[in-house]
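Read through the structure below, which is laid out as structure tokens, and then see the notes.
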Amino acid sequence: MRTVRLAASLLAANLGQLEHEVKRAEEAQVDSIHIDVMDGHFVPYFALGTDIVQAVRKLTRLPLEVHLMIQQPDRYARAFIEAGADLLIVHLEAYHDPKRTVSIIQDMGCRCAIAINPMTLVENTFPLLKKVDQLLCMSVNPGFMGQPFIIEVLEKVRVARAYRDKNHLQFDISIDGGVTDETVGPCVTAGANQVVVGGPIFTPKDAAQATHLLRARANEVGAGG
Ligand code: DX5
Ligand code: ZN
């Protein structure tokens, strides 16, 4: 049985102690680091940028996934790849041609995910799923950490998983926002093989214990794929 992968969302970390926080995530044996980038247009606030990606790249060998909550992600893709991103996550709802953006990113040798907001229909991603490396379903409205999990997202994950299996596709399915030791089980049951977790990993003193609990809860329902 394969267990669910955990991506630790740095937005919830103490960025004043970046090295310490990255080390804590490593010691907690997360599978990747998730970096949320906000442009003040696609979402109301600003957060993180290429500098932080570059800094984290120097601190760890863990894969870095960069969640671009920005308009025109095609314009900034190269800068984030050069900063050290292993996977770029772009939103279907952003102002760009998603198919073209996915090609641009993959042609530069980087993995690419397509993300959808809670209100966006998962069927709108179907034309892209043959191409992308990951589908990320937002289970909170993008832009803020610490929001409650929107349970209706699980139905979209079920639909995506069925589509993936029926068409023998390989893309990963990730869920981002409000994932806790209570919601991780339903995420896995619905068909996700990755979850992004911020507060529940970085807020407690013992990040390793937190990830241990998340994995235990995920394993109770049997993670897959
Ligand atoms: C929300 C971000 C998430 C968020 C997750 O806009 O994309 O990555 O930081 O934080 P938690 O797990 O605390 O909801
Ligand atoms: Zn995110």
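Each ligand, and each atom within it, is numbered from 1 in the order the structure gives.
Checking side-chain atoms of Asp86 against main-chain N and O of Leu64 turns up a donor-acceptor pair under 3.5 Å.
His67 has its ring centre less than 6.0 Å from the ring centre of His91. For Tyr95 and Phe42, the ring centers sit 6.0 Å or farther from each other.
Put simply, SG on Cys137 and CD on Glu155 are 11.5 Å apart, with the number rounded to the nearest 0.5 Å.
Of all atoms in ligand 1, numbered sequentially from 1 with element shown, those under 4.0 Å from a heavy atom of His34 are 8 (O). For ligand 1 and Gly199, the ligand atoms under 4.0 Å from any heavy atom of the residue are 11 (P), 12 (O), 13 (O). Which parts of ligand 1 touch His67 is read off a 4.0 Å heavy-atom cut-off, strictly below it: atoms 7 (O). Counting atoms of ligand 1 from 1 in the listed order, those under 4.0 Å from a heavy atom of Phe144 are 1 (C), 6 (O).
For ligand 1, the polar-atom distance check finds an N/O of Gly143 within less than 3.5 Å of one of the ligand's N/O atoms. Residue Asp176 places at least one N or O, backbone or side chain, under 3.5 Å from an N or O of ligand 1.
At the Zn ion (ligand 2), the vertex angle linking OD2 of Asp176 with OD1 of Asp36 is 170° (nearest 10 degrees). Rounded to 10 degrees, the ND1-metal-NE2 angle spanning His67 and His34 at the Zn ion (ligand 2) equals 100°.
For atom 11 (P) of ligand 1, the closest non-hydrogen atom of the protein is Gly198 N, 3.8 Å.
Note: the hydrophobic cluster containing Ile175 also contains Val30 (ILVMFWY, side chain heavy atoms under 4.5 Å, direct or indirect links). Cluster membership for Met138 and Ile201, using ILVMFWY side-chain heavy atoms within less than 4.5 angstrom, is not shared.
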